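This report concerns only the one structure given below.
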Amino acid sequence: MLLTGSEEARQDLVQAALERLLRRGSAVHGDPEAYLRRIIYHLAADGWRRGGRGRARLALLRGDGEGVAPDRSVQVEQRDELVRLLLRLPPGQRAAIVLRYWEDLSDAEAADVLGCSASTVRSSVARGLHRLRELSGARAAVAADQVAADRRGRAQ
């Protein structure tokens, strides 16, 4: 979902990747899961190249909706903010971060999926994390300025 930005796009991406994997099933040598990850990444990258329509339609993240569940609004807000911040990164940095930290792959495994060297994955992750820190700090600063302005308005 972090590659696509919405649950519906994630489902479509996984379905398209599985269809490709099944069509090429006999040609897959080695680990089919790694091959599937590579297909998913390449399909997502194709979507980014086509104009980034996935960035424009970021769906609301919601829970499963069964029964009475504890309030997860803070978790949803945090996940939503994370997805929004990730979507502001270049596709290569985003993919490297998702593979390393969300999918918990090693540098070598992520490099294999992305078709690059492990050092490229490490540098992409480092640059991406630095940019995420900048972006999240900027959001925090804007929010703090807005709170301060609201307080000044109430005091007058």
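Computed from a predicted structure; not experimentally measured. Here, residue 1 is the first one in the sequence, and each next residue gets the next number.
Residues L89 and Q93 approach most closely at CD2-OE1, 3.9 Å, considering heavy atoms. Between S124 and G92, the closest heavy-atom pair is CB-O, 4.4 Å. In terms of heavy atoms, A96 sits closest to V121 at CB-O, 4.2 Å. When all heavy atoms are compared, the tightest approach of V113 to R38 is O-NE, 3.3 Å. Closest non-hydrogen pair, A95 versus L114, comes out as CB-CD2, 3.8 Å. Taking each heavy atom of R94 and L87 in turn, the nearest pair found is NH2-O, 3.5 Å.
For Q11 and E7, the side-chain atoms include at least one donor-acceptor pair closer than 3.5 Å.
Residue D112 holds its CG atom at 8.5 Å from CD of E109, rounded to the nearest 0.5 Å. We find the CZ-CD1 distance between R20 and I39 to be 7.5 Å, quoted to the nearest 0.5 Å. L21 CG to E33 CD: the interatomic distance, rounded to the nearest 0.5 Å, is 10.5 Å. Taking CZ of R10 as the start and CD1 of I40 as the end, the distance is 9.5 Å to the nearest 0.5 Å. Note that CD of E81 and CG of L86 are 10.5 Å apart. Values are rounded to the nearest 0.5 Å. Residue L132 holds its CG atom at 4.5 Å from CD1 of I97, rounded to the nearest 0.5 Å.
Side-chain contact check for Y41 versus L99: every heavy-atom pair is 4.5 Å or farther apart.
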